[in-house]
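This report concerns only the one structure given below.
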Amino acid sequence: MLDGLRMIRILEGKRVLSCDMVIVGLSEAFDPEAREAFEERSCEAWERMRMAILERGLAAEWERLFAEACRAGVGVLAASPCAQRLQQLLGLSDEMMVAYLSFSGAVGEALVWPDDYQTRFANRVVEVFSAGYWPCGWRDGKFLVCGEC
């Protein structure tokens with residue numbers, strides 16, 4: 001079966017700015033409308049992935065990969081000073097911060113769509129974070145990322 005962490009290990013080494021990102025200032029990074037749009041898009045992607053996992057009978061594999069992804073996410077978080085500063089600003093624990101970073105969703109997308117995971121939402125979130133940016137919102141089909149960290 002799929003090595004769920006293979007994808008995260010590949011993304012950890014990326015430092016390429018995605019064309020789907022717009023760098024914004026700190027005040028715009030906390031724009032409620034952009035944050036809400038990001039959350040809605042994230043929930044839609046999660047539900048689509050969850051339904052595909054259930055339809056394909058992959059729940060047991062997903063549970064194992066989910067736990068691995070959460071552990072790996074803490075390690076990637078530790079490598080990003082920008083994310084750590086934002087984590088402190090927001091007062092989030094490592095576990096809550098990792099939940100916001102979509103690592104588990106990215107692994108689920110790779111499990112369900114192994115040949116096409118780069119185009120999936122959670123994998124793009126991980127790519128943005130792995131490039132050293134915080135995906136803080138969604139506007140006009142692009143991630144907003146904070147450039148003032």
Side-chain angles (χ1 to χ4, degrees), residues 1-24 29-84 86-87 90 92-147 149:
M1 195 78 185
L2 170 74
D3 174 5
L5 292 182
R6 172 179 48 106
M7 179 271 311
I8 288 177
R9 288 185 188 117
I10 291 167
L11 290 177
E12 281 178 334
K14 281 192 172 186
R15 295 292 177 255
V16 177
L17 197 61
S18 169
C19 63
D20 292 341
M21 296 190 312
V22 176
I23 298 175
V24 298
F30 288 101
D31 172 47
E33 288 180 19
R35 186 68 199 165
E36 184 177 326
F38 177 84
E39 293 296 333
E40 287 174 10
R41 182 72 175 93
S42 183
C43 288
E44 290 167 5
W46 182 269
E47 185 60 19
R48 188 173 50 253
M49 183 238 354
R50 188 185 72 79
M51 291 304 296
I53 286 171
L54 294 175
E55 289 168 0
R56 297 173 190 198
L58 298 171
E61 179 69 1
W62 162 240
E63 289 175 15
R64 183 184 68 75
L65 293 173
F66 179 86
E68 289 180 38
C70 290
R71 284 190 299 273
V74 171
V76 173
L77 172 64
S80 173
C82 177
Q84 291 171 9
L86 284 168
Q87 179 182 4
L90 298 171
L92 297 175
S93 67
D94 285 350
E95 293 77 20
M96 286 303 298
M97 188 70 165
V98 168
Y100 280 105
L101 299 176
S102 300
F103 284 101
S104 56
V107 171
E109 289 174 352
L111 174 65
V112 176
W113 301 290
D115 298 325
D116 191 27
Y117 67 78
Q118 289 140 338
T119 62
R120 304 298 178 191
F121 184 78
N123 282 275
R124 290 169 46 213
V125 172
V126 172
E127 180 183 340
V128 170
F129 182 70
S130 295
Y133 295 94
W134 172 254
C136 54
W138 181 260
R139 186 182 303 139
D140 301 325
K142 296 181 186 249
F143 293 101
L144 299 184
V145 298
C146 182
C149 297

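Because only heavy atoms are used, hydrogens play no part in the values below, and waters and symmetry mates are left out as well, while side chains stay in. Owing to the predicted nature of the structure, the values given are computational and were not obtained by experimental measurement.
The CE atom of M49 lies 9.5 Å from the CG atom of L54; values are rounded to the nearest 0.5 Å. Here the straight-line distance linking atom NZ of K142 with atom CD1 of I23 works out to 12.0 Å at 0.5 Å rounding. Here the CZ-CZ distance, from F66 to R71, works out to 11.0 Å after rounding to the nearest 0.5 Å. Here CZ of R48 is found 11.5 Å from SG of C43. Values are rounded to the nearest 0.5 Å.
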Is there a side chain to side chain contact (heavy atoms under 4.5 Å, CB included) between D31 and R139 once you walk through the steps?
CA-CA 10 Å; D31 172 47; R139 186 182 303 139; 3.3 Å; yes

Begin from the C-alpha positions of W46 and F121 and carry the test side chain to side chain contact (heavy atoms under 4.5 Å, CB included) through to its verdict.
CA-CA 9 Å; W46 182 269; F121 184 78; over 6 Å; no

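Residues E68 and V107 fail the side-chain proximity criterion, which asks for heavy atoms closer than 4.5 Å. Contact check for E61 versus I53: no side-chain heavy atoms found under the 4.5 Å cut-off.
Salt bridge present: R35 and E39 bring a charged side-chain N and a carboxylate O closer than 4.0 Å.
L144 and A34 make their closest contact through CD1-CB, 3.4 Å (heavy atoms, listed as atom of the first residue, atom of the second, distance). Nearest heavy atoms, A122 versus A106: CB-N, 3.4 Å. Between W113 and A52, the closest heavy-atom pair is CZ2-CB, 4.1 Å. Minimum heavy-atom separation, V125 to P135: CG1-CG, 3.7 Å.
In this structure, E47 places its CD atom where more than 12 heavy-atom neighbours from other residues, nucleotides or ligands lie under 6.0 Å away.
Remark: side-chain polar atoms of E109 are paired, donor with acceptor, to backbone N or O of N123 under 3.5 angstrom.
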